[in-house]
S.K.: 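Got a structure for you, written out below as structure tokens; questions coming shortly.
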Amino acid sequence: MSRYIARRLLQAIPVILGVTLIIFLLMFILPGDPARMLVQKGASPEVLESIREAHGLDKPWYVQYGKYMWNLLQGDFGTSIRYRRPVLDIMKDHYPNSIRLAAVALAIEAVIGIIAGVISAVKRRSFLDILVTLSTTILVAMPIFWFAMLLQVVFGLKWGILPISGMGDGSWRYYVLPAIALASVHTAYTARITRSSMLEVINQDYIRTARAKGLSEKKVILKHALRNALIPVITIIGLDLGGLIGSAILTETVFSWPGVGRVIYLAILQRDPPVVMGGTLILVFIFILLNLLVDISYAYLDPRIKFEGRKVD
Amino acid sequence: MAKLPEEFNLEEIDQEPRGTTLKREILVTLRKNKMASFGLIVIAILVLVAIFAPVIAPYKNAVGFYPEEILKPPSVEHMMGTDDLGRDIFARIVWGSRVSVEVGILAVAFGLIIGLFMGALAGYKGGMADTLIMRTADVFFAFPYILGAIAVMTILGPGLENVIIAIGVLEWAYIARLFRGSVLATKVNDYVEAARAIGADDKRIIMKHILPNAITPVIVYSAMSVGTAIITEAALSFLGVGVQPPRPSWGWMLSDSRAFMSRAPWMMYFPGLAILVTVLGFVLVADGLRDMLDPRLKGMSEHVTRG
Amino acid sequence: MLLEVNNLRTYFYIERGVVKAVDGVSFSIDRGETLAIVGESGSGKSVTALSLLKLIPTPPGKILEGEVFFEGENILDFSEKNLRKIRGNRIAMIFQDPTTSLNPVFTIGDQVMEAILTHQRVPKKIAREKTVKLLEMVGIPQARGRLSDYPHQFSGGMRQRVMIAMALSCEPDILIADEPTTALDVTIQAQILELMGNLQKEFNSATILITHDLGVVAGLADRILVMYAGKPVEYADVNSIYYLPRHPYTLSLMDSVTRLDKSRKKRLQSIKGSPPSLINIPSGCSFHPRCKFATDICHKEVPELIEIKPGHFTACHQVNNADKG
Ligand SMILES: Nc1ncnc2c1ncn2[C@@H]1O[C@H](COP(=O)(O)OP(=O)(O)OP(=O)(O)O)[C@@H](O)[C@H]1O
Ligand SMILES: [Mg+2]
């Protein structure tokens, strides 16, 4: 088991190297001079030069990259050019907001998605099934930022029952709308996948065996069928946490949420490579860890899977 | 295995290589499915609107500044109202459809060209090529889609062509992974072995035998990702790094509408609805294609993380 | 009578038409008896068995008609709740394919115990002990140690033993075994059948054994019901079927049995033609397209199941005519 985890982490190294390299190169080809963005217009060339030197921007890219990676190994994510603060501090300010929002969205996604999917599979072709199918299809096609704006109009402007911007004092009421918006598309996917997985499972022989044993329908569905049907669903939900943090830019923009997606987005626009690098790298770490967690939890959900990731049967 | 009624097995699982009858099959089956045909109609209308935009609404109503017409609610004159510069929202939506159609189709086409090539290479050749391509693709999966698109847009600068490139550059990895998988699955089929045995060369085997059979999941995925591309374009424009004004884009219109959410909500209703209905069209067609071409793919094309 | 089935009719309503999977089947069985239901693939054997416990997937399936008297009460009229008290408890089933009939994500200990705990108010510990005993009884070595193993860690034959243990866990009055050995090796087939025979004697239960192979049932069954395209075509005690089969279909089935030892290939060819689609059942006697004795009347009229001798029923125009004349 620990060998398996070690191997998986080793395998992640090339991905991390690739990501850092790509971002680094991207930031290098980006038009515009980061030094210039820091000073007032008309600053003297000497001032610019000294700023470049201070941030190491005068060296060739591979030297800068090597230095960055060396520092990274020591846990140093560098300093934001724009805010002149350690990147790690900026991330410590914003990641918790993002993770909390993503966690709430994930909870919505898992609970509502799975319940809707199960109901629509079990009551196939019923009114509820049609309702679920219809609404998930619409949600899948929904531009998330528009959905977010509609929520603002209805709950904020029309009814005035929920705050529509910022985190305020951090109470739950500020989470409701952004979390719903963020979860919307993913919930629809979860419901659809649960439904088709469930439909496949309830036709399996072992479900008939469970019924022939005299189990109640509730036990047949919630114990025997669901446990099997959830196996593919869990992967998707598990991996979504990473996606929910990374793809929250639009939701964060609409709701002015002080999250990390927005920080990275602004850093891209403002040519602040250390922030882009640091923010994205942490995201990639999270993503890789989640992947690993999902694979491990798989082995508990499906006893046929060994840690080598192979199905025995 | 679940018990399949005997009668189903015999006729519905055809063993023949698809290829030649594929096109006919798609059309026939799509017509049978009501939801999918609704999707097709939506797409047809969208394309017609994009082509005949000049006939439907004059371009001058979609751009410029009309001080007397500012923020008019929907009326006979302006069926969808006007925006903060007095531009006719209906006209802007009609002209904005061009951006969506172009981005949707061209970005996916671009992604397909790279993705199919890379996928075929990785799946068919295996070995070093496979490792290299798939590790590169992994990097793309690890990177959040929308952030990647924003990063590419900042390098290339805003503009329609660059949006197409940015989306294509991200899409290739998904297409390559999908295609590689089905190439691997198809490669071991008997008729490919047979073709190799009679001495067909690699190019011929790929084009004549593997491609037509392995392409099915890619077709389904592509239909879906035209929709995704349209949403991504709108998102990029919404964030200010996409298509540039004055060119009307649905994403820009939504971005503009934010300041007038309570005063002029129609500014946000119609562009959002346009995106929703358009993407819905592609989603429905993708669903229909998947159910009919290959029911085993259920759920496969369904998961693309995006904004 | 322990179980009496009258005129059972189960159809499936699917897009392409109505599948008349079971079309007027009757039989009865008493304690200590074994009834074999025999027929080709698709003749409606499994659907018959599932109908007895109302386990037909609805929709598309529907039990249109018929009665299933169990100890004098018609279980088809039972509420879902009362049915559950019968299922697995008084009437238990073993299915065709042991590799797919056990839930892959639960240990076999859990699955057998669950059957006990569903029907009996006993503490978990006792259920556990009983499970060990059952698994030992069906011949699983080191049963106690294997309670926490998952189905995929067992071979096909062992899984079928687990299924049998599960079915017997509540000492059912009737055991329905739907082709319990088809998916298994020949040597294991014999072992499983022998095991079932012994257990039946021990519990004095009734067994309904479903198979498509007449050869299998020779030493086991007391009575045999031969089905063709959803209909009963011959129903008699085992000796009559073996020594005096009357229906042409039974004849050809017997033919294939006797040839078993000579040539396996021949055996497959011995019934020419293939079973009909249950959607478009041939007019008249459904067997007529494959029957070498068929005459005009066979194309037109559906033969009735007639008692040609006490306890021996057949549905064949030719047999009826011969007996009359
Ligand atoms: N769920 C279902 N939906 C539709 N048709 C079904 C269903 N289950 C069974 N059938 C049909 O009912 C008919 C009888 O099937 P059944 O399973 O009883 O055959 P069988 O005699 O048990 O065959 P085998 O020896 O292959 O097990 C078949 O034609 C089958 O197609
Ligand atoms: Mg059967």
S.K.: Does any heavy atom of chain A fall under 4.5 Å from the side chain of V277(B), the backbone, both, or neither of them?
M.R.: neither

S.K.: Which distance, rounded to the nearest 0.5 Å, do you find between the CD1 of I16(A) and the CG of D138(B)?
M.R.: 12.0 Å

S.K.: Apply side-chain contact (heavy atoms from CB on, under 4.5 Å) to M35(B) and T133(A), showing your working.
M.R.: CA-CA 11 Å; M35(B) 297 289 264; T133(A) 310; 5.8 Å; no

S.K.: With the side chain counted from C-beta on, respond yes when W146(A) and L276(B) share a heavy-atom pair under 4.5 Å apart, and no when they do not.
M.R.: yes

S.K.: Any side-chain heavy atom of L280(B) sitting closer than 4.5 Å to one from M142(A)?
M.R.: no

S.K.: Which residue out of I288(A), V254(A), L17(A) racks up the most heavy-atom pairs below 4.5 Å with chain B?
M.R.: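 Highest number of heavy-atom pairs under 4.5 Å: V254(A).
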
S.K.: Measure V139(B) against the heavy atoms of chain A and call it side chain, backbone, both or neither at under 4.5 Å.
M.R.: both

S.K.: Which atoms of M153(B) are under 4.5 Å from chain A, going by heavy atoms: the side chain, the backbone, both sets, or neither?
M.R.: neither

S.K.: What closest approach, in Å, do G272(B) and P143(A) show between heavy atoms, and which atom pair accounts for it?
M.R.: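 Heavy atoms of G272(B) and P143(A) come nearest at O-CG, 4.3 Å.
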
S.K.: Checking heavy atoms, do the side chain of L273(B), its backbone, both or neither come under 4.5 Å from chain A?
M.R.: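 The answer is both parts of L273(B).
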
S.K.: For residues 274-285 of chain A, which residue pairs qualify under side-chain hydrogen bond (donor to acceptor under 3.5 Å, both in side chains), counting only residues two or more places apart or in two chains?
M.R.: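 Qualifying pairs: none.
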
S.K.: Should L147(B) and L283(A) count as side-chain neighbours, where that means a heavy-atom distance under 4.5 Å?
M.R.: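 Yes. Closest side-chain heavy atoms under 4.5 Å.
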
S.K.: Please output the residues of residues 254-269 of chain B in contact with chain A, using a heavy-atom cutoff of under 4.5 Å, in numerical order.
M.R.: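 At a heavy-atom separation under 4.5 Å, chain A is reached by L254(B), S257(B), R258(B), M261(B), S262(B), M268(B), Y269(B).
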
S.K.: Counting only non-hydrogen atoms closer than 4.5 Å, does I202(A) touch chain B with its backbone (N, CA, C, O), its side chain (CB onward), both, or neither?
M.R.: neither

S.K.: Please list, chain by chain and in numerical order, all residues satisfying side-chain hydrogen bond (donor to acceptor under 3.5 Å, both in side chains) with T253(A), sequence neighbours excluded.
M.R.: R262(A)

S.K.: Determine whether I150(B) and I249(A) satisfy the following criterion, side-chain contact (heavy atoms from CB on, under 4.5 Å), listing intermediate values before the conclusion.
M.R.: CA-CA 10 Å; I150(B) 293 169; I249(A) 302 171; 3.7 Å; yes

S.K.: Under 3.5 Å, side chain of Y265(A) to main-chain N/O of L239(B), donor-acceptor pair present?
M.R.: yes

S.K.: Which residues satisfy the salt bridge (Lys or Arg N to Asp or Glu O under 4.0 Å) test with R124(A), sequence neighbours excluded?
M.R.: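 Partners of R124(A) by the salt bridge (Lys or Arg N to Asp or Glu O under 4.0 Å) criterion come out as none, since no residue qualifies.
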
